[in-house]
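Accompanying notes for the structure given below.
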Amino acid sequence: MSLTDRSAPASQPADRPDPASWPSPRAHRLMTLVPRTEWAYRPRIAATAFVIVTQVFLYVLLWRALYGESGETVVGLDMSQAITYSVLATLMGTGRVIMEGASQETAQSKIRDGSVVFWFVRPLSARRYCAWRGLGESLYATAWLLAGLAVGVACGLVALPPSPAAAAVTVLAYGLGQIVFYQIGLLVDLTSFWTITSFGVNRLAAFAQLLLSGGLIPLWFFPDWLRAVAVHLPFAATVNVPVSLYTGRIPAAECWPYVAEQALWCVVLALLSRVMWQRAARRLLVLGG
């Protein structure tokens, strides 16, 4: 099915609605789509919590076994920092990957059942629809992060930031990282318009995200040649930068090159996703419907 039969003027991009029918303020309700879906399927919440708690427990055992009672630092991290890093990285990385797409409002699922066509005929553009939904996912993931952080601090597993300045730049880096996270997920999802199914791309992207973001092990433990590449990839902007700032591995006074690189990736990925939206709308193919 092609979108060339739409009644909108030809001069307008295919993923934008007619200016005469801009969305109502109620569009912000899309942010609640993921939390409401998760609440409707409560076993998912229990499963997510179980995975996160189990992974954190294993990390604590691992770092305590590796560091022992020596009190030494490895690649600039002591045992407390390593445990804090792994707890936060799990909450930011693993938790977000598990919860991503929880609403099932993905291009892949919509193309498979044919309902993707409604993305392009609603008053709200497809791009903005996904942006509102993505904002809801980020806020929901942030709620999990804050809850896990509170529990971790109360249990003595997570140390507090070394200074108020470190906490402030961590919040900034986390916000930019969530934008990068959303844009990466969106680009992967949009490949469905060309591949029909993106299961393989999703699996590869999820693995790359967990490994190259520092979600599995801190990037500081990577070999020099791999770390030199990984720290400049967009994946590192999602987890490694904010967690390294929180733990003090990156001093707050030296944060600006890292934050600037995060902002650059936000712009680059946003431009790339915009181009992909425009091309996807021109070649929409629906199976079923």
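There is a side-chain donor-acceptor pair under 3.5 Å between Ser273 and Gln183. Under 3.5 Å, the side chains of Thr142 and Gln178 contain no donor-acceptor pair of N or O atoms.
For residues 215-231, the pairs satisfying salt bridge (charged side-chain N to carboxylate O under 4.0 Å, His left out) are Asp224-Arg227, with sequence neighbours left out.
In terms of the side-chain contact (heavy atoms from CB on, under 4.5 Å) criterion, residue partners of Leu139 (sequence neighbours excluded) are, by chain and number, Met31, Leu135. Not a single ring pair (Phe, Tyr, Trp, His ring centres under 6.0 Å) links Phe207 to another residue, sequence neighbours left out. Scanning for ring pair (Phe, Tyr, Trp, His ring centres under 6.0 Å) contacts around Trp63 gives Phe221, with sequence neighbours left out. By the salt bridge (Lys or Arg N to Asp or Glu O under 4.0 Å) test, Arg249 pairs with no residue at all, sequence neighbours left out.
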Checklist line | Verdict with supporting geometry, Ser244 and Trp220, side-chain hydrogen bond (donor to acceptor under 3.5 Å, both in side chains) | finding: CA-CA 10 Å; Ser244 295; Trp220 311 105; 3.2 Å; yes
Next item on the list: Starting from the C-alpha separation in whole Å, work towards a yes-or-no answer on side chain to side chain contact (heavy atoms under 4.5 Å, CB included) for Phe181 and Ser213.
Entry: CA-CA 10 Å; Phe181 213 130; Ser213 69; over 6 Å; no
Note to self: Run the side chain to side chain contact (heavy atoms under 4.5 Å, CB included) test on Tyr246 and Thr84 for me, step by step, so that the C-alpha distance in whole Å, both residues' side-chain angles and the decisive distance to 0.1 Å come before the verdict.
What the structure shows: CA-CA 9 Å; Tyr246 182 96; Thr84 297; 3.7 Å; yes
Margin query: The test is side chain to side chain contact (heavy atoms under 4.5 Å, CB included); show your working for Thr48 and Ile52 and say whether it passes.
Written below: CA-CA 6 Å; Thr48 300; Ile52 292 175; 3.9 Å; yes
Notebook entry, point to check: Passes side chain to side chain contact (heavy atoms under 4.5 Å, CB included), Gln55 versus Phe50? Steps please.
Noted result: CA-CA 8 Å; Gln55 190 166 333; Phe50 175 78; over 6 Å; no
Donor-acceptor pairs under 3.5 angstrom involving side-chain atoms of residues 149-165: please list them, not counting sequence neighbours.
from   : atom 1 : to     : atom 2 : distance (Å)
Ser163 : OG     : Ala166 : N      : 3.1

